[in-house]
Participant: 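Next up is a structure, given as structure tokens.
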Amino acid sequence: MTTSFCIKNATVINDDGMVPADVLVEDRCIAEILPRPHSRTLPDSVVDADGLWLLPGGIDAHTHFGMPLGGDLRSRSWRDSSEAAIHGGTTTIVDFANPEPGQSLHDAVARWRQAADKESLCDYGLHVTVPDTSAERLREIPDLVAGGLPTFKAFLAYKDRLMLSPEQLADLMRTVHGSGGTVWLHAEDGELNAALTARLIADGKTAPQYHPQAHPAASEISAIETGIRLAEATGCPLTVVHLSTAGGLSKIIDARKFGTDVRAEICIQHLFRNDDWYRGDTAQVLTAIMSPPLRPVSDSTFLCKHLNNPGIVQISTDHCEFALSDKTAGKDFAGVPNGGSGVGERLIVLHTLGVATGLITPQRWVELCATGPARNCGLAHRKGRIAAGLDADLVLFDPRADDVSLPFNAENSLWVGVNWRGRVLKVWLQGNPVLTKGKISLDRNFGAFIKRDHA
Ligand SMILES: [Zn+2]
């Protein structure tokens, strides 16, 4: 579809500034930004933003849409999750392609793309999970990087399923770095978590509220130490995903002072929710089952206090939503599917609890939700800023809207029952209006696979 229009009278927000401007869109791209006042004649097709904020489309760098979890169980579909994303002003997500045991990385990517291409309303990229580091698997990596998949997920957690030893992680980091990619790490000590889980279950402590005791802060901190050590040894840039502890962030801030390229991703739930949820009723406890778990308020307060630290490169969600009825599955806490919602809530949560409270500026908000993830995922050549030549992924946002309830709340959300500040009014994806007046304005799947650059 060819489009050519102008959004006028907007306050254009990028990571490095807020300017009153008119924005010209041609075809799928941003053609020009005209700071006001100017004397240019605008095209006939005009959207009057009337002092509202215009943001680059949000990028959630960490989601699990339609993730199979054995049997018929899978997280909320690509279709429904991507619809929630668009409602919340997120136009691009990066999901994780997870190979089955013995499956090639390429086959895992093909399987994920099959679901995403059929159902996704937003643009998407894929990280590739590497659960084994055999020569055969490692040989696949250069080709994947060249094909627009430069980020590889490794686990030091989940013994007997996904866990790599430090030696295997070093092999992966060497190969990925040599191919121009980066490694993203789930930093928990799988041996420690497995031992604690076994102990709790042997003691009869099987109820869901024991979940956090099997995932202590020390487990995250020691795995982050291992990751930093290997990043130093191999030179491979490392992103620690869903960082949740004060001790873990401190390690990263310190390592960066000595020149190690280690970056932190934090998810909204670890910033603004805490372990009180595990003292609630059963539904609340199950809603909060995720790994890493929600932490004591001293951790979340520390993370919030450091939100302006450049070591935090993106705010994501780890969106992996299950019906509450599915979260009761399993005979003990270790069998409960992990994850929660967030992709639709992220921008508004961070606006309400970050921008409106003065914790961060609107520019830093845009950086954490769009520009930072674009850079860290290798999407900056197309997305993450309002700049000429980039995709016209745009969000018209009313920061003054008060008392807002979210239109896409799931039954098992950490974010229900809160009056939010700010409302997403209109969303364009590659120049096409995809959300208007709170309604998805699409009659077809729109999202496309986006090839990413070296990150
Ligand atoms: Zn995840």
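Here the structure is a predicted model, which means the values were calculated and not measured. As the structure lists them, so they are numbered: ligands from 1, and atoms in each ligand from 1.
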Participant: State whether Cys320 contributes an N/O/S atom found under 2.8 Å from the Zn ion (ligand 1).
Facilitator: no
Participant: Considering just N/O/S atoms, say which atom of Asp318 is closest to the Zn ion (ligand 1).
Facilitator: OD1
Participant: Is the Zn ion (ligand 1) less than 2.8 Å from an N/O/S atom of His62, whether that atom is in the backbone or a side chain?
Facilitator: yes
Participant: Using ring centroids (six-membered ring only for Trp), state whether Trp112 and Phe96 fall under 6.0 Å.
Facilitator: no
Participant: Can you confirm whether the side chains of Asp95 and Thr63 place a donor and an acceptor under 3.5 Å from each other?
Facilitator: yes
Participant: Is the Phe152-His127 ring centre distance short of 6.0 angstrom?
Facilitator: no
Participant: Using side-chain heavy atoms (C-beta onward) and a distance below 4.5 Å, is Pro99 in contact with Leu105?
Facilitator: yes
